[in-house]
Amino acid sequence: MSAEGVLYNPALFNDLLSTSLPLEITNPSAASLALEYLSIVRSQRTRTSPSAVKGHLFKILRPALAQLKYHDLRAQIGKVRAVAPRSLAAGEEAWTWVDEYVKICEEVKRMLDADAKEATDCGRIPLSELVTKDQATGLDLLPYWLAQPYFRPIKEPVDKKKKGEKQGE
């Protein structure tokens, strides 16, 4: 039941035995997690589908990429064109698409680090003070540069009677 949650925050199970860990441990920098993920993709040398990697990056970086100032980087991630290596013995050129993702994620990290530095007044404001509550759900809203779970919006119940009626009746 946690598979989708781990896609959005791969640090979901960081140090589960402690209940009072700082946000930096339970919800590390999304860009750092994305770069670590790309490092693993490159080191494994499996025939990983580039589209799966792209999907994982979009999920890990979702809160940041939703910010207007990051839309151009979201578009850059979306435009990376790659083909999975045909064999595991493929040369370095078969893995250049990973390097393209790394360059983009490094830029995301640079920008997110600057945003975090500004929002925390160079670390003088604890991250816990930047957490707010969603009025509709009561869930914590974390700063967008941190890895975090994705909660699907609650759908309005469908009135079955109205659904089956034709317009104008």
Check: Step by step, would you call I104 with V80 a side chain to side chain contact (heavy atoms under 4.5 Å, CB included)?
Finding: CA-CA 10 Å; I104 297 165; V80 171; 3.8 Å; yes
Notebook entry, point to check: Would you say the side chain of L65 lies within less than 4.5 Å of the side chain of I77, judging by non-hydrogen atoms?
Noted result: yes
Item checked: Derivation of the side chain to side chain contact (heavy atoms under 4.5 Å, CB included) call for M111 and L73 -> CA-CA 11 Å; M111 292 173 65; L73 293 168; 3.5 Å; yes
Checklist line | Check: L127 and N27 side chains under 4.5 Å, non-hydrogen atoms | finding: no
Next item on the list: Supply the atom-to-atom distance K103 NZ to L38 CG, rounded to the nearest 0.5 angstrom.
Entry: 13.5 Å
Notebook entry, point to check: Using 4.0 Å as the upper bound for N to carboxylate O, is an ion pair formed by K109 and D113?
Noted result: yes
Notebook entry, point to check: Looking at CZ of R42 and CD of Q44, how far apart are the two atoms once the value is rounded to the nearest 0.5 Å?
Noted result: 13.0 Å
Margin query: How close do S29 and L146 get, counting heavy atoms only, and between which atoms?
Written below: N-CD2, 4.4 Å
Next item on the list: Of all the heavy-atom pairs spanning A147 and L142, show the shortest one and how long it is.
Entry: O-CD1, 4.2 Å
Next item on the list: Could you tell me whether the side chain of D140 and the main chain of K133 form a donor-acceptor pair under 3.5 Å?
Entry: no
Checklist line | Check: I125 and L130 side chains under 4.5 Å, non-hydrogen atoms | finding: yes
Check: Which pair of non-hydrogen atoms, one from V102 and one from L35, has the smallest distance, and what is that distance?
Finding: O-CD2, 3.8 Å
Next item on the list: Please determine if R110 and E107 form a salt bridge, counting it only when a charged side-chain N lies under 4.0 Å from a carboxylate O.
Entry: yes
Item checked: Closest contact, heavy atoms only, C105 versus A34 -> SG-CB, 4.0 Å
Check: CG of D134 to CG of L141: how many Å apart, nearest 0.5 Å?
Finding: 5.0 Å
Checklist line | Closest contact, heavy atoms only, R124 versus P126 | finding: O-CD, 3.7 Å
Next item on the list: Would you mind reporting whether D115 and Q67 have side-chain heavy atoms less than 4.5 Å apart?
Entry: no
Check: Are any of the side-chain heavy atoms of R74 and L61 separated by less than 4.5 Å?
Finding: no
Note to self: For a 4.5 angstrom cut-off between non-hydrogen side-chain atoms, does K54 reach Y101?
What the structure shows: yes
Check: Can any side-chain N or O of Q148 pair as donor or acceptor with the backbone N or O of P143 at less than 3.5 Å?
Finding: yes
Next item on the list: For residues P63 and Y144, report the shortest heavy-atom separation together with the two atoms involved.
Entry: CB-O, 3.5 Å
